[in-house]
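Bear in mind that the values here come from a model prediction, so they are computed numbers and not experimental data. Computed from heavy atoms alone, side chains included, the values below leave out hydrogens, waters and symmetry copies.
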Amino acid sequence: MALKASALKVGDTHSERVVENLSRTQIVQYAGASGDYNPLHSDEVYTTQVAGYPTVFAHGMLTMGLTGKMLTNYVGDGTLTNFGVRFTNQVWPGDTLDSKATVVAMRQEGGQHYVDLTLSTTNQDGKEVVAGSASARIDP
């Protein structure tokens, strides 16, 4: 169902759990799908003994993709006109992530209606791992 300007107001939110108990397998599958084989995401020995991290961690773009899943579920396929994020904290195996979109503005340009959103994805401890914004075309 398409979003309608007549049914939205500034401050409205939409939230979804985008992953529960992120597995190392999901992280490695993302490496294969993206072609990003940085050992920080899959090689425990390298990550802990060379890089000094406590364990491997998820690709930032995996977290962005999970946030994007929530976003397109909310605004609909083919309606996004802008989507950008900032990675604010690492995502570790076992993390559960919830994403939220908040309406910050509704506007018209050239007769077309748009919604502007802020985005936030947090882990199970409430720590933000992604912050961002998006815009999408909406029905009147």
Side-chain angles (χ1 to χ4, degrees):
M1 183 164 109
L3 285 181
K4 294 186 177 282
S6 60
L8 289 175
K9 65 183 181 312
V10 171
D12 284 352
T13 63
H14 173 80
S15 321
E16 286 182 30
R17 174 148 296 162
V18 293
V19 69
E20 190 162 347
N21 191 22
L22 180 70
S23 70
R24 289 171 184 257
T25 300
Q26 288 171 298
I27 294 170
V28 171
Q29 287 173 325
Y30 182 82
S34 69
D36 181 349
Y37 295 103
N38 185 315
L40 292 171
H41 306 300
S42 59
D43 185 333
E44 184 75 19
V45 172
Y46 174 84
T47 303
T48 59
Q49 295 179 14
V50 176
Y53 290 97
T55 189
V56 297
F57 52 91
H59 304 72
M61 293 302 288
L62 172 56
T63 310
M64 182 180 185
L66 292 167
T67 302
K69 173 185 170 186
M70 173 279 301
L71 183 57
T72 57
N73 286 346
Y74 182 44
V75 302
D77 292 333
T79 64
L80 280 178
T81 59
N82 185 39
F83 174 37
V85 302
R86 204 176 66 255
F87 307 114
T88 56
N89 282 290
Q90 288 166 311
V91 174
W92 307 100
D95 278 356
T96 293
L97 303 179
D98 295 301
S99 293
K100 179 170 76 169
T102 303
V103 175
V104 293
M106 292 179 302
R107 57 190 166 81
Q108 280 185 225
E109 289 179 16
Q112 177 63 58
H113 292 262
Y114 294 89
V115 62
D116 297 323
L117 306 160
T118 58
L119 309 170
S120 178
T121 298
T122 56
N123 67 17
Q124 66 281 352
D125 299 322
K127 182 182 271 191
E128 187 173 66
V129 297
V130 163
S133 62
S135 297
R137 290 184 311 274
I138 56 175
D139 291 340

Undergrad: Can you name the one residue among V91, L40, L62 that meets side-chain contact (heavy atoms from CB on, under 4.5 Å) with F57?
TA: L40

Undergrad: Which pairs pass side-chain hydrogen bond (donor to acceptor under 3.5 Å, both in side chains) with one or both residues in residues 54-73, sequence neighbours excluded?
TA: E16-N73, R24-T55, E44-T55, T67-T121

Undergrad: By side-chain contact (heavy atoms from CB on, under 4.5 Å), which residues pair with T118, not counting sequence neighbours?
TA: T102, V104

Undergrad: Of all residues at least two apart in sequence or in a different chain, which pass the ring pair (Phe, Tyr, Trp, His ring centres under 6.0 Å) check with Y37?
TA: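 Applying ring pair (Phe, Tyr, Trp, His ring centres under 6.0 Å) to Y37 gives none.
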
Undergrad: Salt bridge (charged side-chain N to carboxylate O under 4.0 Å, His left out) with D95: which residues, sequence neighbours excluded?
TA: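 By the salt bridge (charged side-chain N to carboxylate O under 4.0 Å, His left out) rule, D95 matches no residue at all.
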
Undergrad: Within the 4.5 Å heavy-atom criterion, are S99 and L119 side-chain neighbours or not?
TA: no

Undergrad: Which heavy-atom pair separates N38 from D36 by the least distance, and what is that distance?
TA: N-OD1, 3.1 Å

Undergrad: Once side-chain contact (heavy atoms from CB on, under 4.5 Å) is applied, do any residues pair with A33, and if so which ones, sequence neighbours excluded?
TA: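 Partners of A33 by the side-chain contact (heavy atoms from CB on, under 4.5 Å) criterion come out as none, since no residue qualifies.
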
Undergrad: Roughly how far, to the nearest 0.5 Å, is the NE2 atom of H41 from the OH atom of Y30?
TA: 9.0 Å

Undergrad: To the nearest 0.5 Å, how far apart are OG in S42 and CD1 in I27?
TA: 9.5 Å

Undergrad: Sort and list the pairs that fulfil salt bridge (Lys or Arg N to Asp or Glu O under 4.0 Å) and have at least one residue in residues 116-140, not counting sequence neighbours.
TA: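 Qualifying pairs, neighbours excluded: R107-D116.
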
Undergrad: Output all residues satisfying side-chain contact (heavy atoms from CB on, under 4.5 Å) with Q26, sequence neighbours left out; order by chain, then residue number.
TA: V19, L22, S23, Q29

Undergrad: Using the side-chain contact (heavy atoms from CB on, under 4.5 Å) criterion, which residues pair with M106? Sequence neighbours excluded.
TA: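 Testing M106 for side-chain contact (heavy atoms from CB on, under 4.5 Å), a comparison that skips the adjacent residues, returns L8, V103, V115.
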
Undergrad: Establish whether V130 and L80 are linked, either directly or via other cluster members, by ILVMFWY side-chain heavy-atom contacts under 4.5 Å.
TA: yes

Undergrad: Using the rule given for side chain to side chain contact (heavy atoms under 4.5 Å, CB included), can you reason through L97 versus T122, listing the C-alpha separation, both sets of side-chain angles and the distance that settles it, and then say yes or no?
TA: CA-CA 6 Å; L97 303 179; T122 56; over 6 Å; no

Undergrad: Linking I/L/V/M/F/W/Y whenever any side-chain heavy atoms sit under 4.5 Å apart, do V85 and Y74 land together?
TA: yes

Undergrad: Say you draw a straight line from OG of S133 to CZ of F83; how long is it, rounded to the nearest 0.5 Å?
TA: 9.0 Å

Undergrad: Taking atom CG of L71 and atom CG of L117, what is their separation to the nearest 0.5 Å?
TA: 6.5 Å

Undergrad: I need the full list of ring-ring contact (aromatic ring centres under 6.0 Å, His included) pairs touching residues 101-140, with sequence neighbours left out, sorted by first then second residue.
TA: none

Undergrad: Could you list all the side-chain hydrogen bond (donor to acceptor under 3.5 Å, both in side chains) pairs where at least one residue sits in residues 78-92, not counting sequence neighbours?
TA: none

Undergrad: G60 and F87: which non-hydrogen atoms are nearest, and at how many Å?
TA: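 For G60 versus F87, the nearest heavy atoms are O-CE2, 2.9 Å.
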
Undergrad: If I take atom CE from residue M70 and atom OG from residue S120, how far apart are they, to the nearest 0.5 angstrom?
TA: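 One finds 9.0 Å between CE of M70 and OG of S120.
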
Undergrad: Determine, stepwise, if the pair R17 / T96 fulfils side chain to side chain contact (heavy atoms under 4.5 Å, CB included).
TA: CA-CA 8 Å; R17 174 148 296 162; T96 293; 3.2 Å; yes

Undergrad: Does V28 sit in a hydrophobic cluster with other residues, and if so which ones, taking ILVMFWY side chains as linked at heavy-atom separations under 4.5 Å, directly or through other members?
TA: none

